[in-house]
Amino acid sequence: MFGGHIVSALGVNRHVRDSASWSMVDPPGVDRSSCLRLDRNESTRPVSRTVAAALSAHLSGAGFRWYPSDERLTAGIAEHCGVRAESVLVTNGSDQAIDITLRTFLQPGSRMLVATPEFIPFRRVAGLLGAQVEGVPYEPDFTFPYVGFRAAAQRRPALIVFINPNNPTGTLVDPEFIREILAEHPDTPVIVDEAYYEFTGVTVAPWVKRYRNLIVFRTFSKAFAMAGLRLGYALADPAVLEQIRKLRNPFDVNELAIVAGEAQLAAVDEVDGHTEDIMSEVKPIVLEFFRDLGVPVVPGTANFLLVRPEDGAGTVRLLRESRVLVQPLHGPLVEGMFRLTVGQRQEMEEFARIFTHVHRETGGRTGPRTPSGLVTGAEPDGT
C-alpha cells in the first residue's frame with residue numbers, strides 16, 4: 001500500500017506502472033551451473049576456439065581501457081548478410097533491437113500486429129509504450145494463420161511483426177507471404193525476427209535493399225553460442241536505421257561482444273557445421289525418441305521442439321528435480337506443453353534416459369521399443 005503511494009507520488013509512467021515485471025529467475029533451489037540446460041534455446045556448446053583465441057588475445061592486448069567501436073563488426077555483418085554497411089545497426093542483443101525499434105514506431109493507442117503465441121518481449125515492450133497488441137492465433141496444428149493475418153493487416157496497424165521461425169511454436173512463415181505483406185503495405189514498418197535463421201537457412205535479409213519498410217533482426221545468442229555477451233543486430237534501409245539509431249546509446253555494445261562477433265564471422269563455417277549437426281543428425285533422433293514413447297511433439301524448424309506429455313507440470317517438476325531444465329509453456333494452444341532445446345548428442349542421450357524414467361513416473365505410456373538411436377546405457381534410478 002505504502003509502495004503504491006510512492007509510485008503514484010513520484011509520477012511513474014502509468015504504462016510502466018500497470019505492466020507486469022519480467023524476469024528469468026529460477027525456482028528456489030535450482031543451481032543452473034549443475035543442470036542440463038535445455039530451457040532457453042541457448043547453444044549448449046562453448047564458443048569456438050577461434051572466438052576464445054580472439055578474446056584471449058584482446059584481453060592481453062588492448063583490453064578494456066577504450067570505449068568500444070563496432071565499425072569493423074558492422075562491415076563483417078554487412079558482408080555476411082549481403083547488404084550495405086549503412087543498413088546494419090549493431091545492438092546489445094536482439095532484445096535491444098526489439099526495444100528501440102518498437103519505441104521508434106509505437107505510441108499510446110497504436111496497434112502492433114503479430115501471430116500468437118509470440119516471443120514475450122514484443123508484447124512486453126508494446127505494453128510499456130501503451131500500444132495495443134493485435135494477436136492472430138496460430139492454427140490448431142501450429143501452422144501460420146495466413147488468412148486471419150492478412151485480414152488483420154488490412155486494418156492498418158502501426159507495426160507488423162513476423163517471428164520467423166516463431167518462438168515458442170517453431171513455425172516457419174512462407175517468405176512469399178512476407179513479401180506480399182511488404183508490397184501491399186509499403187507505408188507500414190514490417191519486422192522479421194530471424195533469431196534462428198542459422199538453423200533454417202530461410203531469410204529475407206537481402207530484401208532490405210528493395211523494401212524500405214522491412215526491418216530484420218538477428219542475434220549471436222543462439223547458433224553463435226554468445227548469449228552471455230549480448231550481441232545482435234538490425235538490418236533496414238539506412239533512412240529507417242537513422243531513426244532507430246537515435247534510441248541506442250553509442251557505447252551500448254561491449255568490446256568483448258564486438259571482438260567475438262568479428263572473430264566468428266571470419267570463421268562462420270564453424271557455426272554452420274554445428275547447426276548442420278543439430279538439425280540433420282541430433283534433432284531427427286530426438287523426434288524419433290518421442291515418437292517411440294508415444295509422446296506428442298511439435299517439431300518446429302529450429303533448434304527446439306514442443307513436447308506435450310500427459311502431465312505437463314509434473315513432468316517439468318520431476319525433470320527439474322533430476323537437474324534437467326526445460327521451459328514450461330502456458331496459455332492458449334501451448335498449455336501443458338514444454339519447450340525443449342536440442343543440444344549436442346551426448347546431452348540429448350542424457351535427457352532421453354531421464355525423461356524415460358520421468359515419463360513412467362507420471363503415468364505415461366511406454367512405446368513398444370527402446371529407440372536405439374538415442375537412449376544408451378541403463379536408465380537412471382531416480383536421480
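Keep in mind the model is a prediction, meaning the values are calculated, not measured.
- Side-chain atoms of Ser87 come within 3.5 Å of backbone N or O of Ala236 as a donor-acceptor pair.
- Met348 has its side chain within reach of Leu38: a pair of non-hydrogen atoms, C-beta onward, lies under 4.5 Å apart.
- Heavy atoms from other residues, nucleotides or ligands lying under 6.0 Å from CZ of Arg320 number more than 12.
- Taking each heavy atom of Pro117 and Leu333 in turn, the nearest pair found is CD-CD2, 4.2 Å.
- Looking at Val202 and Pro175, their side chains come closer than 4.5 Å, going by heavy atoms from C-beta outward.
- Ser94 and Thr219 get closest at one heavy-atom pair: OG-CB, 3.7 Å.
- Across Ala239 and Arg212, no two heavy atoms sit closer than the pair CB-NH2, 3.6 Å.
- A 4.5 Å side-chain heavy-atom check between Met337 and Pro168 finds every atom pair outside the cut-off.
- Annotation for Asn92 and Val253: closest pair N-CG2, 3.7 Å, computed over non-hydrogen atoms.
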*asked:* Applying salt bridge (Lys or Arg N to Asp or Glu O under 4.0 Å) to Asp95 and Arg124, what does each step give before you reach the verdict?
replied: CA-CA 11 Å; Asp95 285 352; Arg124 177 177 177 274; over 6 Å; no
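- With contacts defined as side-chain heavy-atom distances shorter than 4.5 Å, the pair Arg353/Glu349 qualifies.
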*Verdict with reasoning, Asp70 to Arg248, per salt bridge (Lys or Arg N to Asp or Glu O under 4.0 Å)*: CA-CA 13 Å; Asp70 60 24; Arg248 199 211 80 169; 3.3 Å; yes
*side chain to side chain contact (heavy atoms under 4.5 Å, CB included) between Asn166 and Phe142, worked out*: CA-CA 10 Å; Asn166 186 43; Phe142 290 85; over 6 Å; no
*asked:* Walk me through whether Val133 and Met112 qualify under side chain to side chain contact (heavy atoms under 4.5 Å, CB included).
replied: CA-CA 5 Å; Val133 177; Met112 178 184 76; 3.9 Å; yes
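- A side-chain hydrogen bond (donor to acceptor under 3.5 Å, both in side chains) with Asn167 is found for one member of Glu118, Gln327, Arg339 and no other, namely Arg339.
- From Phe217, atom CZ reaches atom CZ of Phe119 across 11.0 Å, with rounding to the nearest 0.5 Å.
- In terms of heavy atoms, Ala85 sits closest to Thr74 at O-CG2, 3.5 Å.
- Counting heavy atoms from C-beta on, the side chains of Arg210 and Leu182 never come closer than 4.5 Å.
- Interatomic distance, CZ of Arg155 versus CZ of Arg111, reported as 7.0 Å (0.5 Å rounding).
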*Give the intermediate values and the outcome of salt bridge (Lys or Arg N to Asp or Glu O under 4.0 Å) for residues Glu288 and Arg291.*
CA-CA 5 Å; Glu288 180 187 12; Arg291 281 195 298 269; 5.7 Å; no
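- A side-chain hydrogen bond (donor to acceptor under 3.5 Å, both in side chains) with Gln96 holds for exactly one of Thr91, Asn249, Asp252; it is Asp252.
- With rounding to the nearest 0.5 Å, the separation of OH in Tyr196 from NZ in Lys222 is 3.5 Å.
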_As a quick check of understanding, evaluate side chain to side chain contact (heavy atoms under 4.5 Å, CB included) for Val282 and Glu347, giving each step before the final call._
CA-CA 10 Å; Val282 182; Glu347 294 165 330; over 6 Å; no
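- Interatomic distance, CG of Leu325 versus CG of Leu319, reported as 9.0 Å (0.5 Å rounding).
- Looking at heavy atoms from C-beta onward, Cys81 lies in side-chain contact with Leu235 at the 4.5 angstrom threshold.
- Here the CZ-CD1 distance, from Phe144 to Ile163, works out to 9.5 Å after rounding to the nearest 0.5 Å.
- Checked by atom type, the side-chain pair Thr203/Arg218 shows a donor-acceptor distance below 3.5 Å.
- In Glu79, the CD atom is not crowded: 12 or fewer heavy atoms of neighbouring residues, nucleotides or ligands sit closer than 6.0 Å.
- Glu255 contributes atom CD, which lies 10.0 Å from atom CG of Leu59 (distance to the nearest 0.5 angstrom).
- In this model, a donor atom of one side chain and an acceptor atom of the other lie less than 3.5 Å apart for Ser48 and Glu270.
- Of all heavy-atom pairs spanning Ala183 and Pro186, the tightest one is O-CD, 3.4 Å.
- In this structure, Phe355 and Phe290 have perpendicular ring planes: the angle between them is above 60°, well past the 30° mark.
- Side-chain contact between Tyr211 and Val190 is absent, with no heavy atoms from C-beta onward closer than 4.5 Å.
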*Audit row: Leu265, Leu73, side chain to side chain contact (heavy atoms under 4.5 Å, CB included) steps and yes/no*: CA-CA 9 Å; Leu265 285 177; Leu73 176 58; 3.9 Å; yes
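- Open room surrounds CZ on Arg84; 12 or fewer heavy atoms of other groups in view lie less than 6.0 Å from it.
- No continuous path of ILVMFWY side-chain contacts below 4.5 Å connects Val271 to Ile278, so the two sit in separate hydrophobic clusters.
- When side chains are defined from C-beta on, Asp99 does not count as touching Pro121, because their heavy atoms never get closer than 4.5 Å.
- Partner of Phe199 under the side-chain contact (heavy atoms from CB on, under 4.5 Å) criterion, chosen from Asn41, Val342, Asn303: Asn303.
- Using a 4.0 Å cut-off between a side-chain N of Lys or Arg and a carboxylate O of Asp or Glu, Asp39 and Arg32 qualify as a salt bridge.
- Open room surrounds CZ on Arg14; 12 or fewer heavy atoms of other groups in view lie less than 6.0 Å from it.
- Ser110 places no side-chain N or O within donor-acceptor distance of the main-chain N or O of Leu106, the cut-off being under 3.5 Å.
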